[in-house]
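When reading the values below, keep in mind they use all heavy atoms of this one structure, side chains included, and skip hydrogens, waters and symmetry mates.
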Amino acid sequence: MSRFDYLEDTGKKKKKKGSKKTTPAPDGRRKTAADDKAEAVYVRKSTIRAVWREYRKDGGESMSELVEDLLLQWLRERV
């Protein structure tokens with residue numbers, strides 16, 4: 001059993017909720033209504049606290065913006 005197996009769906013089928021319309025986002029990727037929804041992720045508290053302390057020292061205000069910026073940067077580098 002891997003670390004987060006308990007978070008996986010247990011095989012229950014989900015109902016489809018109609019089609020999602022997509023529109024191009026400013027960065028060129030396709031954007032859906034689901035893009036704006038928050039999703040839970042699991043990170044150690046000690047990691048978050050250490051990053052938050054350093055980020056705040058540098059004048060950062062929003063940890064969410066930092067995470068989003070880092071993820072988008074990583075994604076752009078892969079393309």
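- For the atom pair Met63 CE and Arg56 CZ, the distance stands at 10.0 Å (nearest 0.5 Å).
- The shortest side-chain heavy-atom distance between Val43 and Val51 does not fall under the 4.5 Å cut-off.
- Between the CZ atom in Arg76 and the CG atom in Leu71 there is a gap of 11.0 Å [rounded to 0.5 Å].
- Atom CG in Leu75 sits 12.5 Å away from atom CG in Leu70 (nearest 0.5 Å).
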